[in-house]
2 protein chains.
Amino acid sequence: MKPTIKDIAAESGVSIATVSRVLANKTGSYSEKTAAKILKIAKELGYRKNSAAVDLVKKRSNVIALIINATPTNFSTQIIDGIQQRAGELGQGVIILYAGDRDNTLQHQAIITALERSVSGILLAAIEPDAEDLTLLKASRIPFCFVSLYLGTADILAVSSDNRDLAYQATQYLIDRGHSRISLVGIDNYHTGSQRQAGYRDAMAANRLATPAILPGDYSFAAGERLLQQVQAQHVTAVIAASDMVAAGLLTAAHQRGVRVPEDLSIMSIDGTIICQITTPALTSMTQDFYRIGSQSVNKVMGQPAEDFVPVEITERASVARVH
Amino acid sequence: MKPTIKDIAAESGVSIATVSRVLANKTGSYSEKTAAKILKIAKELGYRKNSAAVDLVKKRSNVIALIINATPTNFSTQIIDGIQQRAGELGQGVIILYAGDRDNTLQHQAIITALERSVSGILLAAIEPDAEDLTLLKASRIPFCFVSLYLGTADILAVSSDNRDLAYQATQYLIDRGHSRISLVGIDNYHTGSQRQAGYRDAMAANRLATPAILPGDYSFAAGERLLQQVQAQHVTAVIAASDMVAAGLLTAAHQRGVRVPEDLSIMSIDGTIICQITTPALTSMTQDFYRIGSQSVNKVMGQPAEDFVPVEITERASVARVH
DNA sequence: ATAGGCATTGTAAACGTTTACGCAAAGTGA
DNA sequence: TCACTTTGCGTAAACGTTTACAATGCCTAT
């Protein structure tokens, strides 16, 4: 049998209350001597606390649940690192619940699991919630925060890049380099996608430029590969890719079809993960600070001051050319 | 207050025992009528079970803990998917505990957290355990299994590729294509690394070929970038990269230094993730079945029949040339 | 000597579930 | 009709902690 505080109490001749106090480090309510004795015995016995018992009586577990989409985004590790780091500083553990790939049943299931564990906060990374999810979350009275997704309403906690601004900046960057026929590629119509579309359109409009049709996609490498042909048909000189993966797909297809990057086509990527360094040429990108998005979201869900929007940065590499 | 089975019992005029039985679906110990009534009330009240209470009384939580290295390996998602999928089939939840990046304290901490939660199994992905970790694990009586790491001893559960064989095959593949000066690059001396070194050496020896110095590294992109220079100094015609990331780094550096791949240098990568498709040229690889490694490790830790070694496959892309 | 305060410890209730055991009512077979 | 089984449900203990409250002994100030 696994030893319990009862065993320690018996062994050391004190009550379980005292053992509990020593083990929980309740300062000033026991003598040095007993503490030493109890700690020693606990160690000898190989004692491990039973979290279930603790959580039950405390009605709350010191754990943040991170519900995350299984889509192979290459930035999730950075987000997780940021979360892990900050959560640790605040004395919280992190459990990660995978919610499949835009699978509503699994998403729902993951949320329920988090609720059943009475976690101290729920983080939802790259998850587009449906109405039911939101109802569930709101009814639970457990704080929750979306990570890398802004639902467009201030009454739901969220930390992300300012996607409208991000796309605006990307577009303007290309315009400043002489491009006027620019398209946006590989994007969807969910929150993040439409925010970026808006930023792109606004920037084009502000420069009195015609906006080619936006080419929809799912942020994936395959989408990028597939879409190059349509990009060519648009006769643009530059594209903004919805993600690094889309940019990489575009680039691979470009190599195959003899389109030179950036001479024939400039590519501006969104995300700025390591993918941008791996490709040839390296991809100029709007770089998001995913680590910071993660750490700020922990602050937010734990009721600490936090940013809503984390700054983005333009990282110049080799996939964008000047034109005149 | 969150509703409990006591509330449901009061509301429906039965005892908490009956409520518990209905909610836990203990077939054949209650009437259809009461079941319907209880389920209805539970729904109305928005009842959620308290896992802490369940785990406490059952002395076991239906959860597999996955302890994972934070190193940005691009294959972890595939492993996690496999684990998630199989665990779901066996009625187990999955919690993921990040263990930092080869950080022994954090690794230790993660293991302790898993033990405290009395999970039904512990999976350790890409974790090199120290002696203390192993002691802790063994003392716990909770089954544990290493994922994508073979410690070289049969009494510790593990599922991985056969790394010796993998490296042997990679080497032989290159030799079959006419290469005789082949080096192994970016690898370390931990278990996986030394198994691959052995396979490489054995294959070279079996073909009576001289073995150039193995170039050590940490499986990273940066290591690959840095090591190209040393590869050039070795005057080899082909390299085996310890990971896709190393291969990508090698390739990027090759572009910069005007080394043509595969004409001047063939690269054989190990892992076969999407990275191999992104680069130009695409990387020929020893492809591991990470998804299967994940699902088999769940089987193993849950006491079901499972493979020790999951087959690897050679995926021919464009980074290896024939020489004569 | 006495009262009050403090340091240290113990007693016992509480957290929300599961489940062994028992009991009543209803059904079954002779 | 009787004995027996089955069905459906209730009672109460148990899981391992935390913590409010009470108790004890000792110290200090009067």
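Atom set for the values below is all heavy atoms of this structure, side chains included, hydrogens, waters and symmetry mates excluded. This is a predicted model, so every value here is computed, not measured. Numbers restart at 1 for each chain; the letters A, B, ... are given by sequence-line order, proteins then strands.
- L56(B) has its CG atom 17 Å from the P atom of dA14(C), to the nearest Å.
- Regarding contacts with the backbone of dT17(D), a side-chain N or O of Y47(A) is found under 4.0 angstrom from either OP1 or OP2.
- Checked against dT18(C), dG10(D), dT19(D), the side chain of A17(B) finds its nearest nucleotide in dG10(D).
- Using a 4.0 Å heavy-atom cutoff across all strands shown, L23(B) reaches no nucleic acid atom at all.
- In terms of phosphate contacts, K49(B) brings no side-chain nitrogen or oxygen within less than 4.0 Å of OP1 or OP2 of dT18(C).
- Comparing R48(A) and S29(B), the nucleotide of DNA chain D nearest to each residue sits closer to the 5' end for S29(B).
- Comparing atom distances between the S15(A) side chain and each of dG10(C), dG16(D), dC15(C) picks out dG10(C) as nearest.
- Residue T77(B) holds its OG1 atom at 12.5 Å from CD of Q84(B), rounded to the nearest 0.5 Å.
- Taking atom CG of residue N25(B) and atom C1' of nucleotide dT18(C), one finds them 15 Å apart after rounding to whole Å.
- Between dG16(D) and K59(B), a contact under 4.0 Å exists linking OP1 or OP2 to a side-chain N or O.
- What you find for I83(B) and S297(B) is that their closest heavy atoms are CG1-OG, 4.1 Å.
- For dC9(D), the OP1/OP2 oxygens have a side-chain nitrogen or oxygen of S31(B) closer than 4.0 Å.
- Rounded to an integer number of Å, the gap from CZ of R60(B) to P of dT17(C) is 21 Å.
- Nucleic acid contact class of V57(B) (heavy atoms, under 4.0 Å, all strands): base.
- When the local axes at the two ends of the helix from dA1(C)-dT30(D) to dA30(C)-dT1(D) are compared, using 5 base pairs at each end, they differ in direction by 40° after rounding to 10°.
- In this structure, K6(A) reaches neither bases nor backbone, as no heavy-atom distance under 4.0 Å exists between it and the strands shown.
- For the pair D130(A) (side chain) and E132(A) (backbone), a donor-acceptor distance under 3.5 Å is present.
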I293(A) and V147(A): CA distance, side-chain angles, deciding distance, side-chain contact (heavy atoms from CB on, under 4.5 Å) verdict: CA-CA 7 Å; I293(A) 289 178; V147(A) 186; 3.6 Å; yes
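- Between the CD1 atom of I8(B) and the P atom of dT17(C) there is a distance of 8 Å, given to the nearest Å.
- With 3.5 Å as the limit, one finds a donor-acceptor pair spanning the side chains of D188(A) and Y219(A).
- Each of dT19(C), dG16(D), dT9(C) was ranked by its minimum atom distance to the side chain of A53(A); first place goes to dG16(D).
- Not one side-chain nitrogen or oxygen of T18(A) sits closer than 4.0 Å to the OP1 or OP2 atom of dT9(C).
- Summarising the geometry, the separation between CD on E116(A) and P on dG16(C) is reported as 15 Å, rounded to the nearest angstrom.
- The side chain of K58(B) lies closest to dT19(C) when the candidates are dT17(C), dT17(D), dT19(C).
- Checking side-chain atoms of S61(A) against main-chain N and O of S118(A) turns up a donor-acceptor pair under 3.5 Å.
- With sequence neighbours excluded, the residues satisfying salt bridge (charged side-chain N to carboxylate O under 4.0 Å, His left out) with E89(A) are R86(A).
- Separating the CD1 atom of I16(A) from the P atom of dT19(D) is a distance of 13 Å, rounded to the nearest angstrom.
- Atom C1' of nucleotide dT19(D) and atom NZ of K26(A) are separated by 8 Å, given to the nearest angstrom.
- Residue contacts shown for T4(B) are limited to sugar-phosphate atoms, with no base heavy atom under 4.0 Å away.
- Rounded to a whole Å, the OH atom of Y30(B) is 15 Å from the C1' atom of dT19(C).
- Atoms CD1 and CD1, from I127(A) and I122(A) in turn, are 11.5 Å apart once rounded to the nearest 0.5 Å.
- Nearest-nucleotide positions on DNA chain C for R21(B) and N50(B) put N50(B) closer to the 5' end.
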